[in-house]
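Here is the structure we will look at.
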Amino acid sequence: MRTSNFLLATLKETPADAEVVSHRLMLRAGMVRQLASGIYSWLPCGLRVLKKVEAIVRQEMDKAGALELLLPGVQPAELWQESGRWKDYGPELLRLKDRHQRDFCLGPTHEEVITSIVKNEIRSYRQLPLNLYQIQTKFRDEVRPRFGIMRGREFIMKDAYSFDVSEQDSRHAYDKMYRAYERIFDRLGLDYSAVEADTGSIGGSFSHEFHVLADSGEDKIAFCKALNFAANVETIALPAPQHGRAAPAQSMEMVETPGVKTIEQLCKMLAVPASKTVKTLVVKGTQGLTAMVVRGDHELNAVKAEALDSVSSPIRFATSKEIKEIIGTETGSIGPVGMNIPIVIDHTVALMSDFVCGANQADRHFTGVNWDRDLPLAKVADLRQAEDGDLCPGGEKGETLTVRRGIEVGHVFQLGRKYSRAMNAFCTNDEGEKTLLFMGCYGIGVSRIVAAAIEQNHDERGIIWPESLAPYKVCIVAIGYHRSEKVRQASEALYQQLDDSGIEVLLDNRNERPGVLFSDMELIGIPHRITVGEKSLEKNEFEYYGRKTGETQTIAAPDLLAVLKSKFEI
RNA sequence: CGGGGCGUGGCGCAGCCAGGUAGCGCACCUGCAUGGGGCGUAGGAGGUCGGUGGUUCGAAUCCACUCGCCCCGACCA
């Protein structure tokens, strides 16, 4: 391809809306354009990268024995009513009506459709195991789309579904997918980690998420190097600490805390560390409201809270109106002392003494509060999120956890019989009995991977593609293409030679200043650059520049192809 | 959903408070010049100021409604 025939939609200035680096660079490099909130068009340069990701995913899925198909994006409500998710899915499911006023939705995922196909086609265990996948556009009406392609409403996903006659076979299919995912992310050239994940509302036996490690990630991942353990922080159970509770040293006092709404403000005003305070969060329970108490410097783990019988699932926080009506105070001054709704406290809170908490009166807190003496010890549970430095739950020698941020790009899941049961997907086993199928589902965020790869591979000049993802492998920058016949001929000949060798090459033959050519090629992140100019042509040489290494080298013309190939990673 | 912010040529912004000729930079087009890192120079084209309604002699500017986009949100409950 020549840039003279290409839509090279690069931007010199950064659009004001773009916050994270991948979003900025995708816009600046002319890869995507926003059409509506969370909805993007893919321009040629971006599409080439997207196709690279797709191709790798497709190859490895095929190699793992999965079969590709393509399912509809628009799905009838009946199917979702059958599985129960028409009610359960909530506003993220975009619903619409056709001209006959029949209900449909835009598929946010395809368990229903795939199950309906399989239950009609599969009769016997002899037809199994089966793993079907597709690469398709999905739509989830996110509350708050953000970070460009990273959390869009419309996005591209590879989703696979396995069907087996036994739990053991299903486990087999799961392991196979897990290994295929490792190969995929290796080939994509990403720094990633497979972590134990929450099976969430879907239930199921186990699940792993694949995360690309990046500071802009929305998830927190805990690692334990010593034990080779990694998990999403929300899944990590934290056992009760073994030490006891210190004896009370202070008496309980009410103090004025005007304007204090946050733990930070509270600590500042009273000059106490956050670990001496507690925060009380009010959530909707199965009967009325319930208070959850964690230490001031800890975070409530929504998954753990949800798991409690007394808390409604999905978890919902009480509104300020409800708090005012039932507890009779403003947010910011809530505490367990004299609380008139059920209380659950975290393990660590149960072991605190002389702590600070809200007094359930506006602008007042208590100091020197102690369990048993000032208030009865409440129900104790594991409520908080694991943090950097916490003890590794599997460790016995005091191993600690390190927490980093990750972007979830893949998820493998055992579904068990949830959907086959709801939708009556049976087959006959080797004893002639009808038996419910065991399912697994396996997702990869194809479009998100493009953004994640940029988060991990960029510098101040632009994107630095891993070779496996680059829109073109080599670019030829022709300096003086329109002025020098020599340059034009040499660059065209080189272009032809590379193209004939099956190398994806972009010839920049625009009538622009050299600086413009160089910086655009660096912005869009082409891994290898050959510069053709009169100076070097006189010596029958080309100049090489490596985007990732910054390496420059002059290469004698006859050696060019061989030397260039030696620089390729793949 | 709550809170905040922003909609003015393709992009980035000023003008709005104090109503009166719509402006700047980049990009674009035409010359000249230049040619190894987003040069220089001369000229030019392009906007019913998100939409609707109102106030006014007069609205980008004031008022009301509305649409769109962005950011923040247990941190405290």
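In what follows, chains are A, B, ... by sequence order, proteins preceding strands, each numbered from 1. Scope of the values below: all heavy atoms of this structure, side chains included, with no hydrogens, waters or symmetry mates. Computed from a predicted model, the values in this text were never measured in an experiment.
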Separation of A/Arg146 atom CZ from B/G5 atom P, in whole Å? 20 Å
Whole-Å distance between B/C11 P and A/Leu27 CG? 12 Å
Which value, in whole Å, describes the distance between the C1' atoms of nucleotides B/G31 and B/G38? 22 Å
Please name all residues satisfying ring-ring contact (aromatic ring centres under 6.0 Å, His included) with A/Trp465, sequence neighbours left out, ordered by chain then number. none
Looking only at atom P, what distance separates B/C29 and B/U66, rounded to whole Å? 43 Å
Is the closest side-chain donor-acceptor distance between A/Ser4 and A/Asn509 under 3.5 Å? yes
Taking 4.0 Å as the cut-off, does a side-chain nitrogen or oxygen of A/Gln34 come that near to OP1 or OP2 on B/G68? no
Rounded to the nearest Å, what distance is computed from the NE2 atom of residue A/His482 to the P atom of nucleotide B/G36? 16 Å
One should read off an interatomic distance between A/Ile530 CD1 and A/Leu560 CG, to the nearest 0.5 angstrom, of 4.5 Å
Between B/C16 and B/G7, how far is it from one C1' atom to the other, in whole Å? 13 Å
Mind calculating the distance between CE (A/Met521) and C1' (B/G38) to the nearest angstrom? 13 Å
Which one, B/C28, B/C39, B/G25, comes nearest to the side chain of A/Lys12? B/C39
Among B/G37, B/G36, B/C69, which nucleotide has an atom closest to any side-chain atom of A/Asp17? B/C69
Can you confirm whether more than 12 heavy atoms, excluding those of A/Lys87, are under 6.0 Å from its NZ atom? no
In whole angstroms, how far is the C1' atom of B/G68 from the CG atom of A/Leu35? 12 Å
Kindly point out which of B/C1, B/C70, B/G38 is positioned nearest to the side chain of A/Val143? B/C1
Just to be sure I understand the rule, does A/Arg529 reach a base, reach only the sugar-phosphate, or reach nothing, if contact means heavy atoms closer than 4.0 Å? base
Give me the distance, rounded to whole Å, that separates B/A45 from B/G58 when you measure between the C1' atoms they each carry. 29 Å
To the nearest Å, give me how far apart CG (A/Leu11) and P (B/C28) are. 12 Å
Do A/Leu300 and A/Gln385 have side-chain heavy atoms sitting under 4.5 Å apart? no
For atom CZ of A/Arg28 and atom C1' of B/G12, their distance in whole Å: 12 Å
Measure from the side-chain heavy atoms of A/Asp520 and tell me the nearest of B/G38, B/G36, B/G35. B/G38
Looking at A/Ser37, I'd like to know whether one of its side-chain N or O atoms comes within less than 4.0 Å of OP1 or OP2 on B/G68. no
Which nucleotide, B/G37, B/C28, B/G12, lies nearest any side-chain atom of A/Glu512? B/C28
With rounding to the nearest 0.5 Å, note down the distance linking OG1 in A/Thr277 to NE2 in A/His298. 10.0 Å
Paired with B/G40: which nucleotide, if any, by Watson-Crick or G-U wobble criteria at under 3.5 Å for both distances? B/C32
Under a 3.5 Å cut-off for both contacts, is B/G2 paired Watson-Crick or G-U wobble with anything, and if yes, with which nucleotide? B/C72
How about A/Tyr545 and A/His528: are their ring centres within less than 6.0 Å of each other? no
How is A/Asp297 classified with respect to the nucleic acid when contacts are heavy atoms under 4.0 Å: base, sugar-phosphate, or nothing? nothing
What is the distance, rounded to the nearest whole Å, between atom CG of A/Leu517 and atom P of B/C39? 11 Å
Scan A/Ala36 against the nucleic acid and name what it touches under 4.0 Å (heavy atoms): base, sugar-phosphate only, or nothing. sugar-phosphate
On a whole-Å scale, what distance lies between the P atoms belonging to B/G50 and B/A60? 10 Å
B/G36, B/C69, B/G37: which one has an atom nearest the side-chain heavy atoms of A/Ser519? B/G37
If the C1' atom of B/U56 is compared with that of B/U61, how far apart are they to the nearest Å? 13 Å
Taking for each residue the nucleotide of RNA chain B with the nearest heavy atom, is it A/Ala302 or A/His23 whose nucleotide lies nearer the 5' end? A/His23
If you pin A/Gly148 and A/Met292 to their nearest nucleotides in RNA chain B, which one's is more 5'? A/Gly148
Would you indicate what A/Thr531 reaches in the nucleic acid, counting non-hydrogen atoms under 4.0 angstrom: base, sugar-phosphate, or nothing? base
Closest of B/C71, B/G36, B/C11 to the A/Glu19 side chain is B/C71
Taking any strand in view, what nucleotide pairs with B/G12 in a Watson-Crick or G-U wobble way, both distances under 3.5 Å? B/C24
Side chain of A/Glu522, base of B/G37: donor and acceptor closer than 3.5 Å? yes
Taking atom C1' in both B/C49 and B/A22, compute the distance separating them and give it to the nearest angstrom. 8 Å
base_contact_polar (B/G2 base, A/Arg144 side chain, donor-acceptor, <3.5 Å): no
Looking across every strand, which nucleic acid part, if any, lies under 4.0 Å from A/Gly480 by heavy atom: base, sugar-phosphate, or nothing? nothing
When we call it a touch if two heavy atoms are under 4.0 Å apart, what does A/Arg461 touch: a base, just sugar-phosphate, or nothing? base
Looking at B/G36, does its base get a donor-acceptor pair with the side chain of A/Glu534 below 3.5 Å? no
Would you find more than 12 non-hydrogen atoms of other residues, nucleotides or ligands less than 6.0 Å from A/Asp215 atom CG? no
Base paired to B/C62 (Watson-Crick or G-U; both N/O distances under 3.5 angstrom): B/G54
Can you check the distance between B/U8 and B/C69, where both ends of the measurement are the C1' atom (answer in whole Å)? 15 Å
